[in-house]
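All ligand and atom numbering here is 1-based and tracks the order in the structure.
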Amino acid sequence: MTNKLWDKGFEPDRAIEAYTVGRDRELDLRLARYDVEGSLAHIAMLEKIGLLTRDELTTLTAGLQAIAGEIAAGRFEIEPDTEDIHSQVELLLTRRLGDVGKKIHSGRSRNDQVLVDLKLFLRDELRQTADDVQTLFDRLQELSERHKEVLMPGYTHLQIAMPSSFGLWFGAYAETLVDDMRLLAAAWHIANQNPLGSAAGYGSSFPLDRRMTTQLLGFEELHYNVVAAQMSRGKSERAAATALAAVAATVGRLAMDVCLMMSQNFGFVSLPDELTTGSSIMPHKKNPDVFEIMRGRCNRLQSVPNEIALLTANLPAGYHRDLQLLKEILFPAFDELRGTLGMCDFMLAHLRVNDRILDDPKYDYLFTVEDVNRLVLQGVPFREAYRRVGLAVQHREYRPTREVHHTHEGSIGNLCTEEIRRKMERVRAEFA
Ligand code: ARG
């Protein structure tokens with residue numbers, strides 16, 4: 001006997017059932033608490049519009065709260081014969097409370113039920129990801145200030161170019177995360193709209209009070225048009241994935257920089273031995289595997305928006321079962337990115353910075369522009385100053401003065417750490 005909400009007296013083929021349920025029994029567990037939250041709001045609304053009595057509401061509310069307790073305690077499972085979280089919750093209520101359990105599904109469908117679960121889930125996950133991004137941002141800003149006097153080469157074309165600093169390098173990744181935070185906030189606003197009441201995708205003939213559930217579930221807005229609400233399945237996930245991919249792009253690039261800077265050919269940074277890994281054949285090896293795995297994970301994460309785009313490509317308006325597969329694409333992406341953010345913060349806390357990099361004469365040419373500018377300040381026209389320094393380099397007579405005076409906003413001598421911190425605060429305030 002299967003526990004189908006849509007049981008009509010015949011047994012579906014076992015192989016068909018296994019294929020269509022797929023990984024839902026496992027993945028839906030992450031939606032369980034939100035499913036109960038959505039149902040609590042839905043039944044409060046059903047009572048208000050007269051589809052449940054006061055007593056029925058009290059009974060059902062207690063039943064749902066008991067299930068919420070079991071979920072929180074880790075004592076909840078989706079039974080092997082039950083399709084998904086929505087069926088499991090209704091099954092438990094009916095088993096425990098009798099016929100009143102069968103009343104909670106009036107005026108909704110699993111299509112808007114899963115939508116509401118996902119919106120609540122996305123809201124939470126995006127906020128937690130934002131917290132992790134903030135932690136990394138704070139770390140980068142702290143390191144930027146701590147090492148602001150430590151110079152390193154700046155490159156263009158991967159050829160040494162002009163003086164840079166660890167203050168600039170750490171600070172650059174911090175400010176880049178502000179832009180990524182904006183995308184997280186945008187995805188959060190997109191998720192923060194109530195789809196409940198759209199039912200199967202075309203609404204209901206019951207006079208549902210959608211404003212009431214919007215308020216009960218703490219959504220910013222209603223997704224008014226029921227077809228738009230249904231079409232937001234896939235779109236909200238895609239917005240979230242785009243934001244995750246943006247963060248991943250930033251972190252992946254940082255990881256690449258560290259790998260390069262840790263190579264003996266650079267020697268700009270190092271790690272304590274216990275944070276490196278060895279080789280099975282080369283006894284001297286201390287490799288930056290953590291940053292390589294980080295780079296690889298971040299690169300993979302950038303394919304997630306594409307996977308979602310392809311999965312949902314050319315789907316007409318309305319519900320399609322394909323949408324179920326979004327869960328297995330997006331859920332692990334949150335875990336991977338959050339694990340990576342935590343690891344990146346941990347590793348950076350232990351990163352050692354070489355503060356004598358520029359002592360090596362191979363970096364002398366970094367200072368040519370400084371010396372051109374010094375001549376300009378003494379009244380020599382720029383093109384003439386450029387020529388003089390250029391000729392000195394050409395004739396191997398160039399000796400750098402090694403003095404760096406950068407004062408404008410965002411330069412070595414004026415990192416604007418505080419301004420960037422305030423910019424981040426303004427973006428974070430969007431999650432209020
Ligand atoms: N597991 C389904 C999903 O994630 C739940 C909705 C099922 N709806 C349906 N009409 N079969 O999409």
Side-chain angles (χ1 to χ4, degrees), residues 2-8 10-39 42 67 71 76-93 102 104-125 191 193-204 223 226-241 304 307-334:
T2 57
N3 301 319
K4 291 279 176 306
L5 293 177
W6 42 274
D7 177 37
K8 293 184 244 351
F10 65 89
E11 284 294 306
D13 183 280
R14 277 279 162 189
I16 293 299
E17 145 121 356
Y19 190 72
T20 53
V21 169
R23 293 177 56 193
D24 254 15
R25 286 192 193 99
E26 159 210 345
L27 292 169
D28 273 13
L29 282 182
R30 288 180 78 157
L31 298 179
R33 49 181 284 226
Y34 306 110
D35 199 73
V36 172
E37 211 180 315
S39 289
H42 182 67
I67 295 174
I71 293 166
F76 179 87
E77 58 157 15
I78 299 172
E79 295 166 33
D81 282 334
T82 308
E83 274 191 314
D84 52 28
I85 180 61
H86 328 295
S87 316
Q88 182 67 33
V89 171
E90 189 172 322
L91 177 77
L92 287 180
L93 286 178
K102 297 182 185 166
I104 66 163
H105 210 58
S106 310
R108 74 174 179 186
S109 149
R110 279 185 296 170
N111 296 353
D112 65 339
Q113 212 179 334
V114 65
L115 266 170
V116 86
D117 295 5
L118 285 165
K119 305 278 174 182
L120 296 171
F121 168 84
L122 285 174
R123 239 174 30 175
D124 271 5
E125 291 286 328
Q193 307 179 76
N194 185 17
L196 200 57
S198 61
Y202 301 94
S204 161
H223 231 145
V226 290
V227 177
Q230 179 54 56
M231 283 202 294
S232 75
R233 183 115 188 245
K235 250 198 133 170
S236 319
E237 285 91 334
R238 193 166 166 183
V304 175
E307 268 189 79
I308 292 179
L310 289 174
L311 176 70
T312 54
N314 304 329
L315 288 182
Y319 176 82
H320 312 278
R321 190 72 180 266
D322 320 38
L323 298 169
Q324 176 176 300
L325 302 178
L326 286 163
K327 291 182 266 194
E328 55 193 77
I329 302 175
L330 191 62
F331 290 10
F334 276 110

Side-chain (S232) to main-chain (A229) donor-acceptor, under 3.5 angstrom
yes

Where does K327 meet ligand 1, judged by heavy-atom distances below 4.0 Å: at the side chain, the backbone, both, or neither?
side chain

Counting non-hydrogen protein atoms only, what is the nearest one to atom 10 (N) of ligand 1? Give residue, atom name and distance.
N111 OD1, 3.3 Å

Could you tell me whether the side chain of T312 and the main chain of I308 form a donor-acceptor pair under 3.5 Å?
yes

In terms of residue, atom name and distance, what is the protein heavy atom nearest to atom 1 (N) of ligand 1?
D24 OD2, 2.6 Å

For residues K4 and T82, is any side-chain donor paired with an opposing acceptor at under 3.5 Å?
no

Under 3.5 Å side-chain donor-acceptor pair for R108 and S39:
yes

Residue and atom name of the nearest protein heavy atom (relative to atom 7 (C) of ligand 1), distance in Å to one decimal:
Y319 OH, 3.5 Å

For ligand 1, indicate whether the residue R233 contacts it via side chain, backbone, both or neither (heavy-atom separation under 4.0 Å).
side chain

Heteroatom distance test (H86, ligand 1): nitrogen or oxygen, under 3.5 angstrom:
no

Do you see a donor-acceptor pair shorter than 3.5 Å between the side chains of S109 and D112?
no

For D35 and Q113, which I'm curious about, is there any donor-acceptor pair between the side chains at under 3.5 Å?
yes

May I ask you to check whether D28 has an N/O atom sitting below 3.5 Å from an N/O atom of ligand 1?
no

Looking only at protein heavy atoms, identify the closest one to atom 11 (N) of ligand 1 and say how far it is in Å.
R110 NH2, 3.8 Å

